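Below you'll find the structure, written out as structure tokens, and then a few comments.
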Amino acid sequence: MSPNLQNIPSVDKLLNLDPINQLIQIYGRSLTIDCIRIQLDIYRKKIIQDQINLLSMDKIIDDIRDVLIKQTSPSFKQVYNLTGTILHTNLGRAILPEKAIQAVVNAMKNPSNLEYEIENGKRGDRDVHLRDIVQKLTSAEDVTVVNNNAAAVFLCLNTLGLKKEVIVSRGELIEIGGSFRLPDIMKRAGSKLVEVGTTNRTHRVDYETAITKQTGLLLKAHTSNYLIEGFTKSVSVEELASIGQKFNIPTMYDLGSGSLVNFKNFGLPSEPTISEILKQGVDIVTFSGDKLLGSTQAGIIVGKKEWIQKIKKNPLKRILRVGKMTIACLESTLRLYLNPDTLSQELPTLKIFTRPKEDIFQTCIKIKNHLDNKLSHCTISIIESNTEIGSGSLPSQTIPTFCIKIESTQKSLTKIENSLRKLPIPIIARMENKSILFDMRMIFADEESIFIENLNFLE
Ligand SMILES: *Cc1c(COP(=O)(O)O)cnc(C)c1O
């Protein structure tokens with residue numbers, strides 16, 4: 001016989017049970033009572049709708065425990081990124097170097113000289129902690145840091161282009177990840193966008209004829225997430241800088257990702273470094289802290305002292321400034337670049353990018369063996385594939401990798417993909433051509449056993 005409302009125990013009765021008292025020890029009395037009430041309400045509704053067949057005390061206690069676990073487990077948590085996109089914006093971009101983590105822990109636990117000059121006992125400037133190291137690594141005259149690169153671009157525009165014209169090539173009116181659209185950012189920053197050239201071709205003369213007394217800035221944006229190919233022409237950073245110098249107008253390059261070392265030295269696809277770009281004469285370069293740099297979210301503005309000082313004096317800098325954990329993290333990450341010999345071991349992003357293919361293959365074999373047992377109804381193989389760097393870094397170039405490929409019926413794949421996301425440490429995989437792909441590049445040998453343990457919860 002299905003249960004009726006009289007079969008639901010009272011809160012008081014439940015509170016006298018040992019297992020419930022154990023839950024109170026763990027979760028506290030008030031939260032436990034809250035969760036008991038929530039669960040008893042659910043039973044009431046279900047009984048009225050005739051949706052319950054059996055209601056034992058054991059089941060009630062289990063259900064209450066589940067509600068408590070659900071209510072107390074954090075929303076923000078670790079996942080496995082097997083998507084094959086390393087700097088995945090939705091999955092938190094770069095993972096941090098151990099030394100940077102220690103610096104952040106230290107900043108969290110203790111007072112610091114964040115804005116204090118220890119030498120003369122005066123109030124200081126938080127950007128100072130990054131100045132020497134950035135100068136050393138990029139030869140920039142000065143640096144300032146804000147919350148992210150979007151904020152960096154905004155602050156520069158609002159400082160140099162407020163109520164002025166800012167000239168941009170039509171081929172560089174970028175949208176990054178849906179929410180960063182250059183024309184919209186410019187409008188909000190108070191700059192008047194002056195588009196020059198065409199989508200595929202922009203020439204020096206296009207900039208020169210667009211310059212007026214109202215021009216405040218010449219802006220170049222890195223076309224991070226697309227390529228314009230074929231019959232194309234764009235004005236180089238060097239050329240843009242020379243136009244700026246000729247007309248005495250500042251120039252800026254929104255570089256987006258930006259790297260401090262030449263990735264070619266590590267056998268990877270490469271782009272000019274920040275130092276090489278500054279050498280071409282551009283006044284300001286902005287880039288992200290959590291893309292190729294491999295640190296935390298931040299927008300780094302480097303360039304000529306004259307402009308950086310102006311940017312720092314903008315009242316909006318105070319609104320967009322970073323916290324002490326970001327300063328600690330960035331400084332510590334940047335210091336790793338002083339020794340290029342250890343960089344590919346100390347900087348996780350670089351370690352991931354340069355991981356030998358054979359090593360990834362070995363991990364694939366181990367995990368595949370395990371999956372063969374767990375998912376015996378699927379066809380599982382190891383295939384060659386490509387890892388993407390992500391976050392619009394080097395959009396046309398990938399790194400060869402190995403993936404585990406899981407094939408089955410569409411219905412079964414959808415179910416597996418769903419279960420993977422419900423694991424204690426959710427696995428985010430790549431769905432491709434009626435298969436699930438695991439790019440194992442980010443799971444190193446010392447993480448394999450925890451990875452396998454986690455897979456054991458797969459239903
Ligand atoms: C990524 C990117 C941005 C935005 O940077 P965030 O750090 O995500 O705010 C802006 N411009 C370019 C060219 C980018 O690649």
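Just follow the structure's listing: the first ligand is 1, and inside any ligand the first atom is 1. Hydrogens, waters and symmetry mates are skipped; everything else that's a heavy atom, side chains included, is used. Everything numeric in this text was worked out from a predicted model, so none of it was measured.
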In terms of residue, atom name and distance, what is the protein heavy atom nearest to atom 7 (O) of ligand 1?
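Closest protein heavy atom to atom 7 (O) of ligand 1: Ser288 OG, 2.6 Å.
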Give me the nearest non-hydrogen protein atom to atom 15 (O) of ligand 1 as residue plus atom name, then the distance to 0.1 Å.
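Its nearest protein heavy-atom neighbour is Ser224 OG, 2.6 Å.
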cation_pi(Arg188, Phe154) dist<6.0 Å, angle<=45
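No, Arg188 and Phe154 do not form such a contact.
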Check the orientation of Phe451 and Tyr80. Use parallel for under 30°, tilted for 30 to 60°, and perpendicular for over 60°.
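Plane angle over 60°, so perpendicular.
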Taking 4.0 angstrom as the limit and counting only heavy atoms of His222, give me the atoms of ligand 1 inside it, by number and element.
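Answer for ligand 1: 13 (C).
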Counting each atom of ligand 1 from 1 as listed, which ones have a heavy atom of Arg93 under 4.0 Å away?
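Close to Arg93: 6 (P), 7 (O), 8 (O).
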Is [X] in polar range of ligand 1, meaning some N or O pair under 3.5 Å apart?
X	answer
Ser391	no
Ala150	yes
Asp254	yes
Asn149	yes

Quick check on Glu175 - does any of its heavy atoms sit under 4.0 Å from an atom of ligand 1?
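Under 4.0 Å: no for Glu175.
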Give a yes/no verdict on whether any heavy atom in Lys291 is under 4.0 Å from an atom of ligand 1.
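True for this residue.
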For ligand 1, indicate whether the residue Ile176 contacts it via side chain, backbone, both or neither (heavy-atom separation under 4.0 Å).
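The part of Ile176 near ligand 1 is the side chain, not the backbone.
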For ligand 1, the portion of Ile174 having any non-hydrogen atom under 4.0 Å away:
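For Ile174, only side-chain atoms sit under 4.0 Å from ligand 1.
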May I ask you to say whether [X] pairs ionically with [Y], meaning some side-chain N is under 4.0 Å from a carboxylate O?
X	Y	answer
Glu331	Arg335	yes
Lys312	Asp142	no
Arg123	Glu115	yes
Asp127	Lys317	yes
Glu195	Arg170	yes

Minimum heavy-atom separation for Leu320 and Leu155, please, with both atom names.
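Minimum heavy-atom separation between Leu320 and Leu155: CD1-CB, 4.0 Å.
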